[in-house]
Amino acid sequence: MQENHHRLIYQVDRKYEGMPIKEILKNEYSISTRLFKNIKKHGYILLNGKKTLWHKVAWEGDEILVEMGEEAIDAVPVGIPIDIVYENADVLLINKQPGLVVHPTKGHIDDTLANAVAYHWKNMGISCKIRFVNRLDRDTSGLILIAKNKFAHQNIQKQMNEKKVKKVYWAFVEGVLEKKQGTIEAPIALASHQGIERSVLENGQSSITHYRVIEEYKNASLVELQLETGRTHQIRVHMKYIGHPLLGDSLYNPKSTKAICRQALHAKILGFTLPRDNKYCEFYAPLPNDMEKLQESLIQ
């Protein structure tokens with residue numbers, strides 16, 4: 001039987017000989033108790049092709065098959081072009097274009113990335129819920145990761161909690177930074193109960209951004225940023241906080257919107273361990289055209 005997005009197959013290694021199936025899968029794939037319960041409710045488990053129970057013991061060479069249960073796609077399929085960077089049984093990685101909303105909302109019912117993914121999966125004959133592992137603002141471009149099953153989503157979320165996922169952004173910011181690299185550690189919260197703007201506030205959530213200057217221009221800089229936490233608008237708020245807001249950011253730097261018609265922010269590198277292969281991979285997305293043009297104008 002082939003592995004697919006709702007099925008997990010494992011051939012028992014000698015190191016797990018004589019262990020209960022549940023313990024083997026916990027050790028090999030970090031499957032949580034919550035996910036075990038979900039599989040018990042919606043799926044089943046086979047040992048060498050026969051239905052079995054979690055507490056049964058397995059031996060070297062035995063085949064464990066976990067059927068997690070198929071799920072319906074939870075967005076309306078719409079033929080919006082997407083740039084697929086990588087896809088396997090567990091994840092779909094997309095280089096998102098700027099201006100594309102990630103999730104359907106009241107104002108964006110069927111013109112979102114979720115609709116585009118639903119269309120792609122429907123054409124591929126894949127049926128599963130769309131689980132975004134990381135989020136990008138509408139006008140931020142770059143790498144966004146989607147899990148195809150609860151197992152992959154839980155596995156990568158655990159990696160994120162353990163700070164094992166690498167998230168690197170490139171941004172064009174106002175001015176020339178005095179310190180060419182450093183760490184911004186400043187809590188972020190909503191600026192008010194109305195609106196979406198965030199600020200650095202004492203009662204905010206702990207937020208940490210590492211930065212280094214890549215290139216300098218007359219009145220601007222290209223900065224590489226690595227997130228240790230993932231707060232809403234984190235990079236945009238932190239760079240404004242240190243006096244170098246992003247070019248084109250209509251919310252945090254409205255006077256600069258002539259330079260580029262959206263915040264000049266791109267999710268360039270995403271590194272994580274593939275859930276069932278246990279192999280660390282890093283993926284890259286080149287700067288989009290509008291940010292390349294901005295760079296050319298700053299060099300002149």
Side-chain angles (χ1 to χ4, degrees), residues 3-6 73-75 77-104 111-160 163-172 214 222-227 230 234-235 260 262-295:
E3 284 184 337
N4 60 31
H5 60 277
H6 58 87
I73 296 174
D74 54 344
V78 180
I80 300 163
I82 49 175
D83 178 9
I84 296 170
V85 176
Y86 177 81
E87 185 169 17
N88 69 5
D90 292 318
V91 296
L92 170 63
L93 184 63
I94 289 168
N95 179 15
K96 184 183 87 70
Q97 63 264 45
L100 187 62
V101 173
V102 171
H103 270 302
D111 58 351
T112 70
L113 182 57
N115 300 116
V117 169
Y119 184 84
H120 166 65
W121 282 350
K122 187 182 177 187
N123 285 350
M124 296 273 291
I126 292 169
S127 181
C128 54
K129 278 183 76 172
I130 299 166
R131 294 180 168 90
F132 288 99
V133 177
N134 65 320
R135 305 290 171 95
L136 295 179
D137 296 335
R138 180 187 67 186
D139 290 329
T140 300
S141 56
L143 295 169
I144 188 161
L145 185 62
I146 300 139
K148 289 182 168 180
N149 51 56
K150 284 182 178 169
F151 155 67
H153 193 248
Q154 172 238 293
N155 185 289
I156 300 168
Q157 286 287 0
K158 185 172 184 281
Q159 291 180 48
M160 281 184 164
K163 298 186 172 23
K164 291 176 180 174
V165 174
K166 184 177 180 180
K167 293 182 281 183
V168 178
Y169 294 75
W170 276 20
F172 289 95
I214 297 171
L222 172 59
V223 181
E224 182 176 272
L225 303 119
Q226 192 160 342
L227 295 181
Q234 181 172 320
I235 288 171
I260 183 172
R262 54 111 176 177
Q263 67 259 14
L265 181 61
H266 179 67
K268 196 169 196 304
I269 303 171
L270 191 64
F272 60 96
T273 299
L274 297 173
R276 73 178 80 195
D277 300 334
N278 204 26
K279 178 187 170 190
Y280 179 80
C281 295
E282 278 186 14
F283 300 93
Y284 302 82
L287 282 180
N289 291 337
D290 62 346
M291 284 180 70
E292 280 193 338
K293 284 178 183 172
L294 173 62
Q295 189 173 31

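In terms of heavy-atom proximity, A114 sits nearest to P104 at CB-CD, 3.7 Å. Of all non-hydrogen atoms in I82 and A116, the two that sit nearest each other are CG2-CB, 3.6 Å. Minimum interatomic distance between L113 and K96 (heavy atoms only, all atoms of both residues): CD2-CD, 4.1 Å. Between I130 and D74, the shortest heavy-atom distance links the atoms N-OD1, 2.9 Å. Closest non-hydrogen pair, A75 versus A118, comes out as O-CB, 3.5 Å. Here the closest heavy-atom approach between residue Y280 and residue K164 is recorded as CE1-O, 4.2 Å.
Taking OH of Y119 as the reference point, atom CD1 of I80 lies at 10.5 Å (rounded to 0.5 Å). Note that the OG atom of S141 and the CG atom of L100 stand 11.5 Å from one another [nearest 0.5 Å]. Within the model, atoms CD1 of I73 and CG of N115 stand 11.0 Å from one another, a figure rounded to the nearest 0.5 Å. The structure places CG of L92 at 9.0 Å from CE of M124, a figure rounded to the nearest 0.5 Å. If you take CG on L136 and CG on L265, they are separated by 8.0 Å, rounding to the nearest 0.5 Å. Within the model, atoms CH2 of W170 and CD1 of I214 stand 4.0 Å from one another, a figure rounded to the nearest 0.5 Å.
Side-chain atoms of V101 and D111, non-hydrogen and from C-beta on, never get closer than 4.5 Å to each other. Contact check for I94 versus I146: side-chain heavy atoms found under the 4.5 Å cut-off. Side-chain atoms of K129 and K150, non-hydrogen and from C-beta on, never get closer than 4.5 Å to each other. Side-chain contact check for I269 versus Q226: every heavy-atom pair is 4.5 Å or farther apart. Annotation: side chain of I260 is not in contact with side chain of F172 (no heavy-atom distance under 4.5 Å). Side-chain contact between Y169 and L227 is present, with at least one heavy-atom pair separated by less than 4.5 Å. Within the 4.5 Å cutoff, no side-chain heavy atoms of T112 are placed close to those of H103. Counting heavy atoms from C-beta on, the side chains of V91 and I156 come closer than 4.5 Å.
Although no hydrogens or angles enter the test, the distance criterion places a donor-acceptor pair under 3.5 Å between the side chain of Q97 and the main chain of P81. Within the 3.5 Å criterion, the main-chain N or O of A267 finds no donor-acceptor partner in the side chain of K167. Judged by distance alone, with hydrogens and angles left aside, the side-chain atoms of Q159 form a donor-acceptor pair with the main-chain N or O of T273 at under 3.5 Å. No side-chain donor-acceptor contact under 3.5 Å links N134 to the backbone of G230. Without hydrogens or angle criteria, R262 side chain to D139 main chain gives a donor-acceptor distance under 3.5 Å. With hydrogens and angles ignored, the 3.5 Å screen pairs no side-chain donor or acceptor of N149 with any backbone N or O of H6. Judged by distance alone, the side chain of H266 and the main-chain N or O of P98 form no donor-acceptor pair under 3.5 Å.
The stretch residues 78-89 participates, sequence neighbours left out, in these side chain to side chain donor-acceptor pair (under 3.5 Å) pairs: D83-N95, Y86-N88, E87-H120, E87-W121, E87-K148.
Annotation: F272, atom CZ; neighbour count of heavy atoms from other residues, nucleotides and ligands within 6.0 Å is above 12.
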Let's go through V133 and M160 carefully: what are the C-alpha distance in whole Å and the side-chain angles of both, what is the deciding distance for side chain to side chain contact (heavy atoms under 4.5 Å, CB included) to 0.1 Å, and is it a yes or a no? CA-CA 9 Å; V133 177; M160 281 184 164; 3.7 Å; yes

